[in-house]
Each structure stands twice: as structure tokens, then as C-alpha cells.
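Data first, discussion second: the structure below is written as C-alpha cells.
Values reported hereafter were calculated over all heavy atoms of this structure, with side chains retained and with hydrogens, waters and symmetry mates removed. When a residue number appears, it is its place in the shown sequence, counting from 1.
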Amino acid sequence: TAGIMALTSAKMYNRIVTLSGSAVPKELARIGAKFADDPESLKKAGIDYAVEQIRDLYDNGIMSVHLYTMNSAFVAQTVQQALGDYLK
């Protein structure tokens, strides 16, 4: 099972990177930098990026994905709606 967490805030992004000590994909780093001062745009772009990751996984035969929402029903609902037919 692949695990996907949508980047929804700069604080979350910085905390995850610090705690894990891992590098992030260039595109995710670009999103984090671009929207660092615009929380709503960062949330939207982070969710969109997570949706694209899930679509890519499904398109490549990975049909089991765990979505880490950090207890955010909004993130779960938004991802579910965006995936539409992928979940049927």
C-alpha cells in the first residue's frame, strides 16, 4: 500500500521534512516555496499534487493507497471528489 499525504500547510511541510530527514520531490518543494505566503493556495496546490500522485499510482497498477489526511475531512472529501471514476 502506498501512503500519500497532501501538503496543506507550510507548518506541516516543514515539520514532516524535519522529522523524517528526507528530501522531497522537486515539484513538491516548488509548490511549498511558491505558496509559502498564501495558505489557501498552498492547501489547494498540495491537494492537487496528492491527487495527481494517486492517479499516477492507479495508472501504474498500484490500486491500494492510504491517504493521510491528518484528521481533515475536507482533504478526504476533496481528494475523493477529484478522483471520481478512479475510485469506482
Which pairs of donor and acceptor atoms, one on a side chain in residues 72-81, lie under 3.5 Å apart (sequence neighbours left out)?
unit_1 : atom_1 : unit_2 : atom_2 : d
Ser72  : OG     : Val75  : N      : 3.1
Thr78  : OG1    : Phe74  : O      : 2.7

Let me see the working for Met5 and Ile16 under side-chain contact (heavy atoms from CB on, under 4.5 Å), right down to the final yes or no. CA-CA 10 Å; Met5 180 187 307; Ile16 296 301; 4.1 Å; yes

Atom pair CD (Glu40) and OG (Ser9), whose distance is rounded to the nearest 0.5 Å: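 So the gap between those two atoms works out to 11.0 Å.
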
If I compare all heavy atoms of Asn14 with all of Thr18, which pair ends up nearest, and what's the gap? O-OG1, 2.8 Å

Can you name the closest pair of heavy atoms from Leu28 and Leu7 and give their distance?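 That would be CD1-CD2, 3.6 Å.
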
So for atom CG, which belongs to Asp59, do other residues, nucleotides or ligands contribute more than 12 heavy atoms lying within a distance under 6.0 Å? yes

Neighbour count above 12 (heavy atom, 6.0 Å) for Asn71 CG: no

Going hydrophobic residue to hydrophobic residue with side-chain gaps under 4.5 angstrom, can you get from [X] over to [Y]?
X	Y	answer
Val24	Leu42	yes
Met63	Leu83	yes
Val17	Ile31	yes
Ile4	Tyr68	no

Mind listing the side-chain donor-acceptor pairs of residues 43-55 below 3.5 Å, one per line with the distance, residues two or more places apart or on another chain?
unit_1 : atom_1 : unit_2 : atom_2 : d
Lys44  : NZ     : Asp48  : OD2    : 2.9
Glu52  : OE2    : Arg55  : NH1    : 2.8
Arg55  : NH2    : Ala82  : O      : 2.6

